[in-house]
Amino acid sequence: MAKILVIEDEAAIRRVLVKILSEENDKYEVFEAEDGLLGIEKIKNDEYDLVLCDIKMPKMDGVEVLEAIKKIKPEIPIVMISGHGDLDTAVNTMRLGAFDYISKPPDLNRLLNTVRNALDRKELVVENKRLKKKVSKNYDMIGESKAISDIKDIIEKVAATDARVLITGPNGTGKELVAHWIHQKSERSTGPMIEVNCAAIPGELIESELFGHVKGAFTSANKDRAGKFEAANGGTIFLDEIGDMSLSAQAKVLRALQENKIQRVGSDKDIKVNVRVVAATNKDLKKEIADNKFREDLYHRLAVILVKVPALNDRREDIPLLVDYFAKKISGEQGSPVKTFSAKAVKQLQQYDWTGNIRELRNVVERLIILGGKEVSEEDVKLFAAK
């Protein structure tokens, strides 16, 4: 049942509202508060789907109540109740976040339509938040080790902000998964996430790839082209292997972070961009700075939040979960029955030195599914996954 709280100091109006809502729809459970202070106390201690709040009240007026509720539980829609002389104030409350207002005495149809619309809006807001919290199965972070739990905790705290994040760790540990989690749990999740592998792009092309170019900027520039920063506008750009970026490109990335502006190669026109930057590297950037291969000022711009992804050898307790996950995923991709791994087989896998980390483990699991028995045994592991 939808729970509705009516905050109204006039007992007669309060009774009318409660009667209309209770009798019109048996799915509404209606509660009362005779002033703003009591209403706020109720909201702190209970969950409501909608609040109807009078504007003129003793102790605390409706505008103050609205502002307080928006701080405590911003997702609750609030409908203001206005007397004839309160219309200007009622309109102003909508700028402050009120869903709508109704006039006294309340018109039955207007009241019920407003309540239905407000409750529908609340449902959409809650569903949207739920979806944002749900990360695509393609980017699952599998593990229950302390290291992985700590990373998930950091993501939960930082995702809702626009803070820049630098993800470090060896190759094959899943740094890109962390980046995707940050994006999908953020307010930017409806925007694009653009990935750039800085190590895979030749040094002479990295600036054009990131910032775009204008026609004639260089020999093969036959037309204007937008870069990755423009493509990521309103979303997130993931700069993977940023330690391999040239110093000249680093200088332009630094400007983009400082001023939220970029220039296409061959142009002096500024283009505004609204982009969150998440970067990753397998290099020791402080050593790169000492060797004059990475800009210290860029490092400090990027490393607002540092996330260190551990090597698989440092979280061997997660290997059973990872093996089970990969076995199901790979079997599904191949359209074959899911193969199980014996306890001894998994224990054997836990003893190996995983220099290639998660990526290597996945390849080994796939090999064992193809070459192993109906149940992958310890002998299969020794035979086909020998290190």
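Within the 4.5 Å cutoff, side-chain heavy atoms of Gln250 are placed close to those of Phe294. Put simply, the side chain of Arg164 does not reach to within 4.5 Å of the side chain of Ile305, judged on heavy atoms. A heavy-atom distance below 4.5 Å is found between the side chains of Leu285 and Leu166. Looking only at side-chain heavy atoms (C-beta outward), Val307 and Thr168 stay at 4.5 Å or farther from each other. Val158 is listed as a side-chain neighbour of Val165, based on a closest heavy-atom distance under 4.5 Å. In this structure the side chain of Val18 reaches within 4.5 angstrom of the side chain of Glu32, judged on heavy atoms. At least one side-chain heavy atom of Ile319 sits under 4.5 Å from a side-chain heavy atom of Leu312. Looking at heavy atoms from C-beta onward, Val273 lies out of side-chain contact with Lys261 at the 4.5 angstrom threshold.
The pair Asp49-Lys3 fails the salt-bridge criterion, with no side-chain N (NZ, NE, NH1 or NH2) lying under 4.0 Å from an Asp/Glu carboxylate O. With respect to the salt-bridge test (charged N to carboxylate O, under 4.0 angstrom), the residues Glu207 and Lys252 qualify. A salt bridge between Arg264 and Glu230 is present, with a side-chain N of the basic residue lying under 4.0 Å from a carboxylate O of the acidic one. In summary, Asp224 and Lys215 do not engage in a salt bridge, as defined by a charged side-chain N under 4.0 Å from a carboxylate O. Taking the charged nitrogens against the carboxylate oxygens, Asp291 and Lys287 do have a contact shorter than 4.0 Å, which makes a salt bridge. Salt bridge absent: Arg116 and Asp120 never bring a charged side-chain N and a carboxylate O closer than 4.0 Å. A salt bridge is defined here as a Lys NZ or Arg NE, NH1 or NH2 lying under 4.0 Å from an Asp or Glu carboxylate O, and Lys59 with Asp9 fails to meet this definition. Residues Asp46 and Lys73 are not paired through a salt bridge, judged by the lack of any N-O separation under 4.0 Å between the basic side chain and the carboxylate. Comment: Lys152 does not engage Glu156 in a salt bridge, judged by the lack of any side-chain N to carboxylate O separation of less than 4.0 angstrom. Look at Lys286 and Asp284 and you find no salt bridge, because none of the NZ, NE, NH1 or NH2 atoms lies under 4.0 Å from a carboxylate O. Electrostatic pairing of Lys328 and Asp324 counts as a salt bridge here, judged by a charged N lying under 4.0 Å from a carboxylate O. Using a 4.0 Å cut-off between a side-chain N of Lys or Arg and a carboxylate O of Asp or Glu, Arg14 and Glu10 do not qualify as a salt bridge. Using a cut-off of 4.0 Å between Lys/Arg side-chain N and Asp/Glu carboxylate O, Glu64 and Lys71 are scored as not salt-bridged. Glu209 and Arg225 are joined by a salt bridge, as a carboxylate oxygen and a charged side-chain nitrogen come within less than 4.0 angstrom of each other. Using a cut-off of 4.0 Å between Lys/Arg side-chain N and Asp/Glu carboxylate O, Glu378 and Lys382 are scored as salt-bridged.
Of the inter-residue distances, the one linking Asp240 atom CG with Glu176 atom CD reads 7.0 Å to the nearest 0.5 angstrom. Glu317 contributes atom CD, which lies 9.5 Å from atom CD1 of Ile148 (distance to the nearest 0.5 angstrom). Between the CD atom of Glu288 and the CD1 atom of Ile242 there is a distance of 12.0 Å, given to the nearest 0.5 Å. Interatomic distance, CD1 of Ile142 versus CZ of Arg315, reported as 9.0 Å (0.5 Å rounding). The distance from atom CD1 of Ile43 to atom CD1 of Ile78, rounded to the nearest 0.5 Å, is 6.5 Å. The distance from the CG atom of Leu210 to the CD1 atom of Ile262 is 9.5 Å, given to the nearest 0.5 Å.
A distance-only check finds a donor-acceptor pair linking the side chain of Lys175 to the backbone of Pro170 [under 3.5 Å]. Formation of a donor-acceptor pair under 3.5 Å by the His180 side chain with backbone atoms of Asp140 is not found in this model. When atom types are taken as modelled, the side chain of Glu8 and the backbone of Ala33 share no donor-acceptor pair closer than 3.5 angstrom. The closest donor-acceptor contact from the side chain of Ser377 to the backbone of Asp380 lies under 3.5 Å. Side chain of Asn45 to backbone of Glu41: a donor-acceptor contact under 3.5 angstrom is found. Between the side chain of Arg301 and the backbone N or O of Val253, no donor-acceptor pair lies under 3.5 Å. Between the Gln351 side chain and the Gln348 main chain, no donor and acceptor come within less than 3.5 Å of each other. A donor-acceptor contact shorter than 3.5 Å links the side chain of Trp354 to the backbone of Leu349. Although no hydrogens or angles enter the test, the distance criterion places no donor-acceptor pair under 3.5 Å between the side chain of Arg188 and the main chain of Thr236. With hydrogens and angles disregarded, a donor-acceptor distance shorter than 3.5 Å links the side chain of Ser189 to the backbone of Ser186.
Scanning both residues, Ala327 and Val365, for their nearest heavy atoms gives N-CG1, 3.9 Å. Taking every heavy atom of both residues into account, Val346 and Phe341 meet most closely at CG2-CB, 3.8 Å. Nearest heavy atoms, Gln263 versus Asp270: NE2-OD1, 3.0 Å. The two atoms that bring Pro77 and Leu50 nearest to each other are O-CD1, 3.3 Å, heavy atoms only. The shortest heavy-atom contact between Ile289 and Tyr299 is CD1-CB, 3.7 Å. Taking every heavy atom of both residues into account, Pro310 and Ala147 meet most closely at CG-CB, 3.7 Å.
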*side-chain contact (heavy atoms from CB on, under 4.5 Å) evaluation trace for Phe218 with His213*: CA-CA 9 Å; Phe218 45 85; His213 60 252; 3.5 Å; yes

*After noting the C-alpha distance and the side-chain angles of Leu112 and Leu108, does the key distance pass the side-chain contact (heavy atoms from CB on, under 4.5 Å) rule?*
CA-CA 6 Å; Leu112 294 174; Leu108 177 62; 3.7 Å; yes

*Give the C-alpha distance, both sets of side-chain angles, the deciding distance and a yes or no for side-chain contact (heavy atoms from CB on, under 4.5 Å) between Glu259 and Lys272.*
CA-CA 8 Å; Glu259 303 177 15; Lys272 287 188 175 182; over 6 Å; no

*asked:* For Tyr48 and Phe31: C-alpha separation, side-chain torsions, deciding distance, then whether ring-ring contact (aromatic ring centres under 6.0 Å, His included) applies.
replied: CA-CA 9 Å; Tyr48 296 95; Phe31 300 83; 5.7 Å; yes

*Step-by-step side-chain contact (heavy atoms from CB on, under 4.5 Å) determination, Val277 to Phe229*: CA-CA 9 Å; Val277 176; Phe229 267 83; 4.2 Å; yes

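In terms of hydrophobic clustering, with Ile, Leu, Val, Met, Phe, Trp and Tyr side chains grouped at heavy-atom distances under 4.5 Å, Met60 and Val51 are assigned to a common cluster. Both Val364 and Phe384 are assigned to one and the same hydrophobic cluster, defined by single-linkage of ILVMFWY side chains at heavy-atom distances under 4.5 Å. A single hydrophobic cluster is seen to contain both Leu361 and Tyr352, as judged by linkage of ILVMFWY side chains at heavy-atom distances under 4.5 Å, directly or through other members. Hydrophobic clustering, with ILVMFWY side chains joined whenever heavy atoms are under 4.5 angstrom apart, groups Ile151 together with Val304.
Side chains of Asn260 and Arg255: a donor-acceptor N/O pair is absent below 3.5 angstrom, by distance only. The closest side-chain donor-acceptor pair between Thr173 and Asn357, if any, does not fall under 3.5 angstrom. Donor-acceptor pairing under 3.5 Å is lacking for the side chains of Thr114 and Asn117. Side-chain contact of Arg110 with Asn113: a donor-acceptor pair under 3.5 Å is absent, judged by distance alone. Of the N and O atoms on the side chains of Asn274 and Asn233, not one donor lies less than 3.5 Å from an acceptor on the other residue.
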